[in-house]
Amino acid sequence: MAGATRRPVLVTGGAGYIGSHTVVELLQDGRPVVVLDNLCNASAESLRRVERITGLPVPFVQGDVRDAALLDDLLARHDIGAVLHFAGLKAVGESVARPLEYYDNNVTGSQVLLQALARADVRRFVFSSSATVYGDPESVPIREGARTGPTNPYGRSKWFVEMMLADLAEADGRWAIGNLRYFNPVGAHPSGLIGEDPSDVPNNLMPFVAQVAVGRRAQLSVFGSDWPTPDGTGVRDYIHVVDLARGHLAALRRVESTPGMFTVNLGTGTGYSVLDMVRAFERASGRAVPHVFAPRRAGDIARCYADPSHAEQLLGWRAQLGVDAMCADAWRWNCRNPDGYRGAEEAGSV
Ligand code: NAD
Ligand code: WQD
C-alpha cells in the first residue's frame, strides 16, 4: 500500500485557484502529481510559482478533460493512482447565460474523464462539488443529508455529476469516490506567490474586497441590507483555501484505503456576514474598504454555513485557519500581485 500511495495523482484543473494550492500540499506530502488543465481560466505561471514554493517540478499537460484520446495517452504514459477533479467552469451568472457550455464542460467533461479512468483501471476519484447543491437551505448549519436542489445551471451541473458518481459507485464496487462540497473558499498561500486571479471583474465577495483595498476598484456594493441575519447582510462559511487543499489530502487517503462513495462538507462551521468580512479585511490590510448598500443580487440566499462534523469523523480533517489568516493571506497575495499572474507573465517574474 505504501508503494501504491506514491503513484502520481492526476490533478485536473490544477493550474486554477484551488487546484494550485492543493498541488502544493500534495507535493509537500511527498506525492508526485501530473496536472491537466486547458488554461481556459488559469495561467501556467501558477504552476511555476508552485515549483518555487515546493522546490519540486510540476509535470503539466495542457489539454481538455473532454478529450478522450488525450486522456488515454496521458493515462498510458503515467502510472496514475488517483484523480482530483477540479476542472470545470464556476461562474453562476455565466452559467445562466450559457447553460450548454456549463453542462458540456462540467457534466460531459466529468463523464469523459470517468470513462477514460475506467478504461485505464484507475478508480480512486475525488470530486470538487459545492455547497451550491443545497440551494436555499431549509436550516443551518447544513448537514450532508440535507435536501439538495440547486437553483442555477452551474449548481445543477455539480448536482448531476454527484448523481452520476453515486450511480457509478453503486454499479461497480471497485470505485472509491470522495464527493467534497466546498463552502466559500478564500485566502491565498501564505507565501504570497499563488492566489485567486479572476480574469474579469470579480463575481465573489473577497476578491472584490481585496481589489477595493488595493485601490483597483473604488468601492464595494453590499448586495442587500435587509436579509434576515444579525446585521442584515448575507452570511456565509468562508474557508481558507489552504485548509480546503488539506481536506483533499485527507479525502485522498480515504479513497486510497476504502472503496465506495462518501460525501462531506468542507467548511469551518462558522458563518460571517458581508460586513464582518469587510471589517476583517480592513483589520488585516490597514486599509479602508469603502462600501455602499445595493439591492439584493438575484439568486442570493440569506445564510449558508456547514456542519463540518462528518468530515472530521470520517477524514480526521477540520479547518484550522480563521478569518484573520484568510484576509491577511489574501491581502499579501493582492499586494504582491496587483495584476494577478498577468503582471509576472509580462515582467518574466515577480
Ligand atoms: P478555477 O477556475 O480557478 O479552476 C478551474 C480550472 O479548471 C482552471 O484552471 C481552468 O483553466 C480549468 N478547466 C476548466 N475547464 C477545463 C477543461 N474542460 N479541461 C481542462 N481544464 C479545465 O476554479 P477554482 O475556484 O479553483 O475551482 C475548482 C473547482 O472547485 C471547480 O470545479 C469549481 O466548480 C469548484 N468549486 C469552486 C468554488 C469556489 O468558490 N471557488 C466553490 C465550490 C466548488
Ligand atoms: C458572498 C456574499 C453576496 C459580492 C458563490 C457561488 C457558489 C460558490 C461560491 C462555486 C453574498 C455578497 C458578493 C459583492 C456582496 N462557488 N456580495 N458584494 O454567492 O455565497 O457563492 O461562490 O461553487 O456556487 O454561488 O459567494 O462571494 O459571491 O458572495 O455583497 O460584490 O457576499 O451577496 O452574501 P456565494 P460570493
Side-chain angles (χ1 to χ4, degrees), residues 11-22 35-44 46-47 61-67 70-71 84-93 95 101-102 104-106 108-110 112-113 127-135 150-152 154-155 157-158 161 180-186 195-199 201-209 211-212 217 219-225 227 229 233-239 241 244-245 248 266-267 271-278 291-305:
V11 185
T12 77
Y17 173 45
I18 304 168
S20 58
H21 287 80
T22 305
V35 169
L36 171 67
D37 198 302
N38 67 3
L39 301 182
C40 71
N41 194 38
S43 159
S46 67
L47 299 176
V61 176
Q62 184 170 347
D64 197 296
V65 290
R66 292 163 295 184
D67 185 340
L70 178 140
L71 291 172
L84 302 184
H85 180 38
F86 295 95
L89 304 177
K90 63 166 181 176
V92 172
S95 80
E101 279 177 39
Y102 274 67
D104 184 40
N105 208 317
N106 295 0
T108 307
S110 299
V112 171
L113 174 62
F127 178 58
S128 299
S129 190
S130 168
T132 197
V133 300
Y134 295 116
T151 56
N152 57 70
Y154 165 70
S157 75
K158 291 288 170 187
V161 176
L180 310 184
R181 292 179 177 158
Y182 313 157
F183 280 67
N184 289 59
V186 298
E196 190 168 11
D197 183 22
S199 54
V201 180
N203 297 308
N204 294 116
L205 176 67
M206 294 312 279
F208 203 104
V209 165
Q211 291 190 5
V212 173
R217 302 190 188 278
Q219 62 187 22
L220 169 75
S221 293
V222 178
F223 298 143
S225 55
W227 291 103
T229 59
T233 67
V235 167
R236 297 292 185 274
D237 187 337
Y238 297 94
I239 175 168
V241 65
L244 191 61
H248 289 76
L266 294 185
Y272 288 96
S273 74
V274 175
L275 295 180
D276 290 334
M277 296 309 284
V278 166
H291 52 279
V292 293
F293 290 103
R296 291 181 179 189
R297 182 173 64 178
D300 263 355
I301 56 179
R303 304 164 303 163
C304 178
Y305 54 93

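Along the sequence shown, the residues carry numbers beginning at 1. In listed order, ligands and their atoms are each counted from 1. Keep in mind that this is a model prediction, so the values were computed, not measured.
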With distance as the sole test, does [X] use its side chain to make a donor-acceptor pair with the main-chain N or O of [Y] at under 3.5 Å?
{"X": "Tyr102", "Y": "Ala91", "result": "yes"}
{"X": "Ser130", "Y": "Thr132", "result": "yes"}
{"X": "Thr12", "Y": "Ala87", "result": "yes"}
{"X": "Ser129", "Y": "Arg181", "result": "no"}
{"X": "Asn204", "Y": "Met206", "result": "no"}
{"X": "Asn105", "Y": "Leu89", "result": "no"}

Nearest to [atom], what protein heavy atom do you find, and at what distance?
{"atom": "atom 2 (O) of ligand 1", "result": "Asn41 ND2, 2.7 Å"}
{"atom": "atom 4 (O) of ligand 1", "result": "Gly16 CA, 3.6 Å"}
{"atom": "atom 22 (C) of ligand 1", "result": "Asn38 OD1, 3.2 Å"}
{"atom": "atom 40 (O) of ligand 1", "result": "Pro185 CD, 3.3 Å"}

Inset, instruction - Could you give me the CA-CA distance, side-chain angles and deciding distance for Ser128 and Ile18, then say whether side chain to side chain contact (heavy atoms under 4.5 Å, CB included) is met? - result: CA-CA 10 Å; Ser128 299; Ile18 304 168; over 6 Å; no

Under 4.0 Å, heavy atoms only, figure out whether ligand 1 is touched by the backbone of [X], its side chain, both or neither.
{"X": "Arg66", "answer": "side chain"}
{"X": "Ile18", "answer": "both"}
{"X": "Asn184", "answer": "neither"}
{"X": "Ser129", "answer": "backbone"}

Give yes if a backbone or side-chain nitrogen or oxygen of [X] is under 3.5 Å from a nitrogen or oxygen of ligand 1, and no if not.
{"X": "Cys40", "result": "yes"}
{"X": "Asn204", "result": "no"}
{"X": "Val65", "result": "yes"}

Quick one: closest heavy-atom pair of [X] and [Y], and the distance?
{"X": "Pro198", "Y": "Gln211", "value": "CG-NE2, 4.3 Å"}
{"X": "Phe183", "Y": "Tyr305", "value": "CE2-C, 3.7 Å"}
{"X": "Ser225", "Y": "Phe293", "value": "CB-CD2, 3.6 Å"}
{"X": "Val212", "Y": "Gln219", "value": "CG2-C, 3.7 Å"}

Inset, instruction - Check the pair Leu36 / Val65 against side chain to side chain contact (heavy atoms under 4.5 Å, CB included), numbers first and verdict last. - result: CA-CA 8 Å; Leu36 171 67; Val65 290; 3.9 Å; yes

Enumerate the atoms of ligand 1 whose separation from the nearest heavy atom of [X] is less than 4.0 angstrom.
{"X": "Ser128", "answer": "29 (C), 30 (O), 32 (O), 35 (C)"}
{"X": "Gly88", "answer": "5 (C), 7 (O), 13 (N), 14 (C), 15 (N)"}
{"X": "Asn105", "answer": "15 (N), 16 (C), 17 (C), 18 (N)"}
{"X": "Tyr154", "answer": "33 (C), 34 (O), 35 (C), 36 (N), 44 (C)"}
{"X": "Gly63", "answer": "19 (N), 20 (C)"}
{"X": "Lys158", "answer": "31 (C), 32 (O), 33 (C), 34 (O)"}
{"X": "Leu39", "answer": "11 (O)"}
{"X": "Ala42", "answer": "9 (O), 11 (O)"}

With a cutoff of 4.0 Å, is [X] in contact with ligand 1, counting heavy atoms of the residue only?
{"X": "Ser20", "answer": "no"}
{"X": "Gly109", "answer": "no"}
{"X": "Thr12", "answer": "no"}
{"X": "Ser46", "answer": "no"}

Inset, instruction - Sort out the contact shell of ligand 2: every protein residue with a heavy-atom distance below 4.0 Å, listed by chain and number. - result: Val92, Ser130, Thr132, Tyr154, Asn184, Asn203, Asn204, Leu205, Leu220, Ser221, Val222, Phe223, Gly234, Arg236, Tyr238, Val274, Arg297, Asp300

Heavy atoms only: which of [options] lies closest to [atom]?
{"atom": "atom 8 (C) of ligand 1", "options": "Asp37, Ile239, Asp197", "answer": "Asp37"}
{"atom": "atom 23 (O) of ligand 1", "options": "His21, Arg181, Gln62, Lys90", "answer": "Lys90"}
{"atom": "atom 43 (C) of ligand 1", "options": "Phe86, Tyr17, Tyr182", "answer": "Tyr182"}

Inset, instruction - Just say parallel, tilted or perpendicular for the rings of Tyr182 and Phe86, cut-offs at 30° and 60°. - result: tilted

Inset, instruction - Quick one: pull up CD1 in Ile239 and CG in Leu244 and give me the separation to the nearest 0.5 Å. - result: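 Between Ile239 CD1 and Leu244 CG, I get 5.0 Å after rounding to 0.5 Å.
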
Legend entry - Distance in Å, His21 NE2 paired with Tyr17 OH, rounded so as to fall on 0.5 Å steps: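 It is 6.0 Å, given to the nearest 0.5 Å.
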
Inset, instruction - Could you tell me whether His291 and Phe208 have their ring centroids closer than 6.0 angstrom? - result: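 No, too far apart.
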
Inset, instruction - Go through His85 and Leu113 one step at a time and tell me if the side chain to side chain contact (heavy atoms under 4.5 Å, CB included) criterion holds. - result: CA-CA 9 Å; His85 180 38; Leu113 174 62; 3.4 Å; yes

Legend entry - Geometric cation-pi criterion, Arg296 with Trp227: 6.0 Å, 45°: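 Here Arg296 passes the 6.0 Å and 45° test against Trp227.
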
Legend entry - From CA spacing to verdict: side chain to side chain contact (heavy atoms under 4.5 Å, CB included), Val235, Ser273: CA-CA 4 Å; Val235 167; Ser273 74; 4.1 Å; yes

